[in-house]
Protein chains: 2
Amino acid sequence: MTQIMDTAEALFAEEGYNGVTFNRLAEVAGVDASLLRYYFGDKEQLFQAVFRRRGPELNQARLKSMAAYRESAGKNLQLEGVLDALVRPGFLLMAQDEGWRNYMAIVAYVNSSRGPMHALFAETFHYVSREFIADLRRIYPNVTEEEIYWSYLFMTGALTFSISGTKRIDALSNGLVSTSDTMGVFHRFPIAMAGAIRALCERPEAVRPPRTRKSRRANTARD
Amino acid sequence: MTQIMDTAEALFAEEGYNGVTFNRLAEVAGVDASLLRYYFGDKEQLFQAVFRRRGPELNQARLKSMAAYRESAGKNLQLEGVLDALVRPGFLLMAQDEGWRNYMAIVAYVNSSRGPMHALFAETFHYVSREFIADLRRIYPNVTEEEIYWSYLFMTGALTFSISGTKRIDALSNGLVSTSDTMGVFHRFPIAMAGAIRALCERPEAVRPPRTRKSRRANTARD
DNA sequence: GTCTATACGGCGATAGAC
DNA sequence: GTCTATCGCCGTATAGAC
């Protein structure tokens with residue numbers, strides 16, 4: 001059962017949802033296709049089962065990690081800290097377990113797809129995204145909502161690509177740098193993305209007009 | 001002919017390579033499947049034709065834009081400038097043309113995929129990537145190769161996700177921010193990614209030991 | 001629970017009429 | 001160049017024997 005899902009996970013990670021057939025899935029897993037059906041239903045249900053299997057564990061770890069950082073930082077939240085807290089659990093799991101690497105590739109696949117898989121992704125990940133966005137707001141209470149979401153866009157794009165398991169950078173750099181160097185990615189990700197978010201949110205244009213009554217926010221470029 | 005490729009482009013952008021069948025492609029394009037074969041060969045050849053159609057135009061525009069920026073900046077290259085020069089042509093094309101938006105989604109799809117499509121992507125885009133990386137080296141001559149490639153990884157990830165045409169941010173932000181606001185993405189992308197690259201490359205650990213013959217390499221991280 | 005047999009449709013691909 | 005006819009295969013899915 002676990003073995004079947006591991007196999008499905010690996011295949012979906014490698015070839016995407018449409019790249020694998022139900023029968024081949026059964027064949028590679030070494031079970032009869034009918035048996036696979038008996039357990040999981042049709043192909044879509046199997047995919048959903050794979051997608052959902054590790055989601056709660058990852059989310060709980062992330063929420064716990066983020067809460068712990070908030071606790072330790074008190075009023076003094078740092079970008080690097082909230083970013084590290086967000087991605088640490090995932091990268092640590094990826095670093096030690098191939099199943100997790102495959103799972104992350106599937107998450108990246110779904111996140112990069114259009115269409116009906118949106119719902120599946122949202123169901124699992126939107127809550128954590130909102131928690132992270134709430135942290136950004138705490139760090140930048142005077143920055144517009146828009147700029148917070150733009151920041152999130154670039155952050156999540158870089159993250160998605162980093163966990164997708166493509167070997168693009170390996171090829172470009174002739175193996176000097178590889179996304180399979182999970183800890184190398186993990187170490188740099190919060191640094192880079194903190195820089196990106198800072199650059200976006202600390203522009204004068206990113207600041208919203210104060211909602212307080214006595215508007216002292218004069219001379220900014222755009223109010 | 002052009003019309004056929006536009007249709008194929010739109011379908012591949014929406015559903016990915018494996019999400020579309022050759023017959024449906026013909027049906028939606030309003031031509032007989034045999035005719036489609038007569039023109040393009042099999043499905044893979046059609047996909048390649050679509051992928052290659054706009055590549056040279058985009059690349060030439062990028063190389064020109066990058067050369068123009070180098071020219072204007074002289075010895076004083078800025079991160080924002082090289083980033084802007086790199087992505088400007090693509091975003092401008094996307095902003096005015098749906099075909100280009102579809103094409104970019106396909107590029108993002110291929111870039112996010114594992115497997116044999118690597119070659120197709122590399123053939124078209126590696127050259128420009130190397131040009132961009134060369135610019136990064138000019139800006140940071142003392143930064144390690146590794147750090148340059150890590151910078152490129154996060155940059156290209158954010159870019160890939162930004163052009164992929166998913167509506168994830170639209171959903172998260174309840175429509176406040178949308179990746180279909182091409183100019184909004186374009187405007188912020190160089191700012192954000194310059195911040196990211198700066199954060200990575202201006203750490204002391206990112207600096208490499210000097211390569212001069214009188215190697216004083218000793219104990220300093222910074223030279 | 002597990003495997004066999006089988007239905008049916010759609011897929012990619014070819015031959016050939018016009 | 002364009003369309004019809006048709007092939008064999010593989011896809012998902014079901015019924016039912018053991």
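Per chain, numbering begins at 1; letters A, B, ... match sequence-line order.
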Worksheet, complete the sentence: Closest to the side chain of B/Tyr39, out of D/dG1, D/dA13, D/dT12, is D/dG1
Discussion item. Side chain to side chain contact (heavy atoms under 4.5 Å, CB included), that's the test. Do A/Ile197 and A/Tyr152 meet it? Break it down for me.
Written reply: CA-CA 8 Å; A/Ile197 296 172; A/Tyr152 183 81; over 6 Å; no
Worksheet, complete the sentence: Ranking C/dG12, C/dT14, D/dT12 by distance to the side chain of A/Asn23, first place goes to D/dT12
Worksheet item: What nucleotide, of D/dT2, C/dG12, D/dT12, holds the atom closest to the side chain of B/Leu35?
Response: D/dT2
Worksheet item: Starting at CG of A/Asp32 and ending at P of D/dG16, how long is that distance when rounded to a whole Å?
Response: 18 Å
Worksheet entry | Between C1' of D/dA13 and CD of A/Glu44, the distance in whole Å | 15 Å
Practice prompt. Report which part of the nucleic acid A/Phe22 touches: base, sugar-phosphate, or nothing (heavy-atom distance under 4.0 Å, all strands).
Written response: sugar-phosphate
Item to complete: Report the distance from atom CD1 of A/Ile4 to atom C1' of C/dG1, rounded to the nearest whole Å.
Response: 12 Å
Worksheet item: Would you say a side-chain N or O of A/Arg37 is under 4.0 Å from OP1 or OP2 of D/dA13?
Response: yes
Fill in: Separation of atom CD in B/Glu27 from atom C1' in D/dC3, rounded to whole Å
16 Å
Fill in: Nucleotide of C/dG12, D/dG1, D/dT4 approaching B/Ser34 most closely (side-chain heavy atoms)
D/dT4
Fill in: Separation of atom CG in A/Asn18 from atom P in C/dG10, rounded to whole Å
17 Å
Practice prompt. Report the distance from atom CE of A/Met1 to atom C1' of C/dT2, rounded to the nearest whole Å.
Written response: 14 Å
Discussion item. Given the structure, check if the side chain of A/Thr21 and the base of D/dT12 hold any donor-acceptor pair shorter than 3.5 Å.
Written reply: no
Worksheet item: CZ of B/Arg24 versus P of D/dG11: gap in Å, rounded?
Response: 19 Å
Worksheet item: Is NZ or CZ of A/Arg88 both nearer than 6.0 Å to the six-membered ring centre of A/Phe186 and within 45° of the ring axis?
Response: no
Item to complete: Would you kindly check if the NZ (Lys) or CZ (Arg) of B/Lys43 is within the cone defined by 45 degrees around the ring axis of B/Tyr17 and under 6.0 Å from the six-membered ring centre?
Response: yes
Discussion item. Closer than 3.5 angstrom, by distance alone: can the side chain of A/Thr179 be matched with the main-chain N or O of A/Thr166 as a donor-acceptor pair?
Written reply: yes
